[in-house]
Q: 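A single structure is presented below for examination.
Letters A, B, ... mirror the listed sequences (proteins, then strands); counts begin at 1. What you see below is based on every heavy atom in this structure, not just the backbone, and it leaves out hydrogens, waters and symmetry mates.
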2 protein chains.
Amino acid sequence: MEYYREDSAILLAVDCIIFGFNGESLQVLLIKRDFEPERNKWSLMGGFVQPDESPELAASRVLKKLTGLENVYMEQCSVFGDPKREPNSRVVSICYFALIDTQKYTHILSEEYEAKWFPLQNYPTLIFDHDQMIASAQHRLRMKAALYPILFELLPEKFTIPQIAALYEGVYNIEFDKRNFSRKLLSSDLIIKLDEKDKENSKKGAFYFKLNTAIYKEKIMSFLRYLPSWFPEN
Amino acid sequence: MEYYREDSAILLAVDCIIFGFNGESLQVLLIKRDFEPERNKWSLMGGFVQPDESPELAASRVLKKLTGLENVYMEQCSVFGDPKREPNSRVVSICYFALIDTQKYTHILSEEYEAKWFPLQNYPTLIFDHDQMIASAQHRLRMKAALYPILFELLPEKFTIPQIAALYEGVYNIEFDKRNFSRKLLSSDLIIKLDEKDKENSKKGAFYFKLNTAIYKEKIMSFLRYLPSWFPEN
DNA sequence: ATAATTAGTGTCAAATTAACATTTATTTTT
DNA sequence: AAAAATAAATGTTAATTTGACACTAATTAT
């Protein structure tokens, strides 16, 4: 096979950027490596793509191994493949970001690893190019969340409007007028009001809402400035 | 090195989805393969990532080999890695989309390949999963172009407003009111009017414009429905 | 000179946004 | 038990943007 001549082997890995939201700030789940190289330093959770599995499957496997969770929102983001990115071998890593509802994350299975949530604003120095991976995933998350309502993946089934507001503020690192935010959100029909109230976080209590999944599906939330705002039609 | 045990080799490739705009419709550049497997079928231009090069470099190299162009707008998009995506070996391919100004593409170097532009609406069946690659790149292009003014990369230095309008219409496959489009575009300060007119395409002639590169840089063009429209500040 | 063609500007009502004020439900304090 | 404190939720309004439509302008072909 002429075609495949002289092409040398490259190891292929996946790394997972696991985002969570604790009600205050956006968090990222990191592990302390218990193996060489770079033992005892913080890093993303990763693993090698096996001969019989797709990169997506590898990423899900890695995520499950760490968190015990399946059917999590995951999305491929950038590939890091600089020949010198790892000192001892040529590893090309495909990054995935996962959005998880931290209430479902119980840290049972991960006794095996030393895993810890860190705020995205302030996490330790990571091995190799993992910092860049997080930065790139964060950029991707912002971009995607500007067009699609994926941030709801970070919230539990029932959530309050102040919670969503705090989440958006955390992701984009800005503050905005909660009154206008609330009005926009409600007018989208994306969320459905429940009778129950969350009394944990305030005296008055905030009504719980749930997602309107019919509208949620692939709904684009923002529109190109140069496109009419009716695009795309739902 | 315990760490890297039992991880088997996977071939790593890149494939380029090369977009161009001919003034009417969005086009994609395909080649007729002159090698096995799948000789004489249409496909994307691709190549293997070499031991000493990054995937980005591989993609640029492949693009240059086909088009002779360098310093082209290129962006990583999705990775295709299904174990069975190629019949004879395990190849994981990283896709890149390139936006090229077709006026710069002269097809000199590519005598070596049989390359041809096809409209994105109607191109031949491609080998392997290359159709999916194009679909995915198109989706990515739409998403990115909804937030950033990257479509200007497809136009020559000087362009007219009717050209930009046709381009946006081609990318999103819709028609819209040219008067409102023009008003929005002009109010953005993204383009600067020149004295010269393009007389090729109409009797009256349309004024040429050039990009305002200062404003172009990373300008976000659309805003999250749930974010105030002043975000992000430039 | 006139028609044809497409570029470019103009109008205006309706919808949306940004900025700001008030009311409501509940708990804590006095 | 009344008052203060807290945070949620709803309300107000002027300014801006949008969408839909009409018109004028520049040029070429007839």
Side-chain angles (χ1 to χ4, degrees), chain A residues 23-24 146 155 158-169 172 174-210 219-234, chain B residues 23-24 146 155 158-169 172 174-210 219-234:
Chain A
E24 283 200 349
L155 295 169
K158 295 182 303 183
F159 48 81
T160 66
I161 290 183
Q163 276 167 23
I164 313 174
L167 174 55
Y168 273 87
E169 291 188 329
Y172 292 97
I174 57 168
E175 279 203 23
F176 46 72
D177 191 300
K178 310 302 186 296
R179 300 162 289 191
N180 292 336
F181 177 85
S182 170
R183 182 153 35 83
K184 279 193 199 178
L185 182 54
L186 288 168
S187 75
S188 75
D189 283 324
L190 203 65
I191 57 174
I192 298 165
K193 193 176 191 170
L194 304 178
D195 292 326
E196 198 183 348
K197 264 187 172 183
D198 161 37
K199 303 273 196 151
E200 299 270 297
N201 301 298
S202 76
K203 290 170 180 173
K204 178 174 177 179
F207 278 103
Y208 279 120
F209 288 78
K210 65 172 183 179
K219 183 179 172 67
I220 271 202
M221 303 179 75
S222 178
F223 310 104
L224 174 55
R225 236 181 118 67
Y226 299 146
L227 283 181
S229 64
W230 45 260
F231 174 83
E233 312 233 38
N234 287 310
Chain B
E24 283 199 348
L155 296 169
K158 298 182 302 186
F159 46 80
T160 66
I161 290 183
Q163 276 167 23
I164 313 175
L167 174 54
Y168 273 86
E169 290 189 330
Y172 291 98
I174 56 167
E175 279 203 23
F176 47 72
D177 191 301
K178 311 300 185 297
R179 299 162 290 191
N180 291 335
F181 177 84
S182 172
R183 179 156 40 88
K184 279 193 199 179
L185 182 53
L186 288 167
S187 75
S188 75
D189 284 323
L190 203 65
I191 57 175
I192 298 166
K193 194 176 191 170
L194 304 178
D195 291 328
E196 200 183 348
K197 264 189 171 182
D198 161 37
K199 304 271 198 156
E200 300 269 298
N201 301 298
S202 76
K203 290 170 180 173
K204 178 174 175 179
F207 277 104
Y208 279 120
F209 287 79
K210 66 173 183 178
K219 183 180 173 65
I220 270 203
M221 304 180 76
S222 177
F223 309 104
L224 175 55
R225 239 182 116 67
Y226 300 147
L227 283 181
S229 64
W230 44 261
F231 176 84
E233 313 233 37
N234 287 309

Q: Show the distances under 3.5 angstrom between N or O atoms of the protein and N or O atoms of nucleotides 1-5 of chain C.
A:
| from | atom 1 | to | atom 2 | distance (Å) |
| --- | --- | --- | --- | --- |
| C/dT5 | O4' | B/Lys203 | NZ | 3.4 |

Q: Could you give the NZ-to-P distance, from A/Lys178 to D/dT6, as a whole number of Å?
A: 17 Å
Q: Rounded to the nearest 0.5 Å, how far does NZ of A/Lys199 lie from NZ of A/Lys204?
A: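 Going from NZ on A/Lys204 over to NZ on A/Lys199, the span is 10.5 Å.
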Q: Which nucleotide wins on minimum distance to the side chain of A/Ile161, given the candidates D/dA9, C/dT9, D/dA26?
A: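 Out of D/dA9, C/dT9, D/dA26, the nucleotide with an atom closest to A/Ile161's side chain is D/dA9.
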Q: The criterion is side-chain contact (heavy atoms from CB on, under 4.5 Å); which residues satisfy it with A/Glu196, sequence neighbours excluded?
A: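 A/Glu196 satisfies side-chain contact (heavy atoms from CB on, under 4.5 Å) with A/Lys158, A/Tyr208 once adjacent residues are dropped.
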Q: Going by modelled atom types, is there a donor-acceptor pair between the base of C/dA19 and the side chain of A/Asn180 at under 3.5 Å?
A: yes
Q: To the nearest Å, give me how far apart CG (B/Leu186) and C1' (C/dA7) are.
A: 12 Å
Q: Closer than 3.5 angstrom, by distance alone: can the side chain of A/Lys178 be matched with the main-chain N or O of A/Phe176 as a donor-acceptor pair?
A: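 Such a contact is found between A/Lys178 side chain and A/Phe176 backbone.
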Q: Between the main-chain N or O of B/Lys184 and the side-chain N or O of B/Ser187, is there a donor-acceptor pair closer than 3.5 Å?
A: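 A pair under 3.5 Å: yes.
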Q: Donor-acceptor pair, distance only, cut-off 3.5 Å: does the side chain of B/Ser188 make one with the backbone of B/Leu185?
A: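 At least one qualifying donor-acceptor pair exists.
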Q: Whole angstroms only, please: what is the NZ-P distance between A/Lys197 and C/dT24?
A: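 To the nearest whole Å, that distance equals 13 Å.
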Q: Ignoring hydrogens and geometry beyond distance, is the side chain of B/Arg179 in donor-acceptor contact with the base of D/dA22 at under 3.5 Å?
A: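 Donor-acceptor pair under 3.5 Å: yes.
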Q: Take the protein atom CD of B/Glu196 and the nucleotide atom C1' of C/dA7, then report the distance between them rounded to whole Å.
A: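 Between C1' of C/dA7 and CD of B/Glu196: 16 Å.
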Q: Could you check how far CG of A/Asp198 sits from C1' of C/dT26, rounded to whole Å?
A: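 It works out to 13 Å between those atoms.
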Q: Between A/Ala206 and A/Thr160, which heavy-atom pair has the shortest distance, and what is it?
A: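 Closest approach of A/Ala206 to A/Thr160, heavy atoms only: O-CG2, 3.7 Å.
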Q: In whole Å, I'd like the distance from the CG atom of A/Asp177 to the P atom of C/dT17.
A: 13 Å
Q: Check the phosphate of D/dT17 against B/Lys184, side-chain N and O only, distance under 4.0 Å to OP1 or OP2. Yes or no?
A: no
Q: When only distance counts, do a donor and an acceptor, one from the side chain of B/Arg183 and one from the base of C/dG10, lie under 3.5 Å apart?
A: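 There is none.
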Q: How many whole angstroms separate atom CD of B/Glu200 from atom P of D/dA26?
A: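 After rounding, the gap between these two atoms is 21 Å.
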Q: Report the distance from atom NZ of B/Lys193 to atom P of C/dA7, rounded to the nearest whole Å.
A: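 One finds 13 Å between P of C/dA7 and NZ of B/Lys193, rounded.
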Q: Under 4.5 Å between any side-chain heavy atoms of A/Phe209 and A/Leu155, yes or no?
A: no
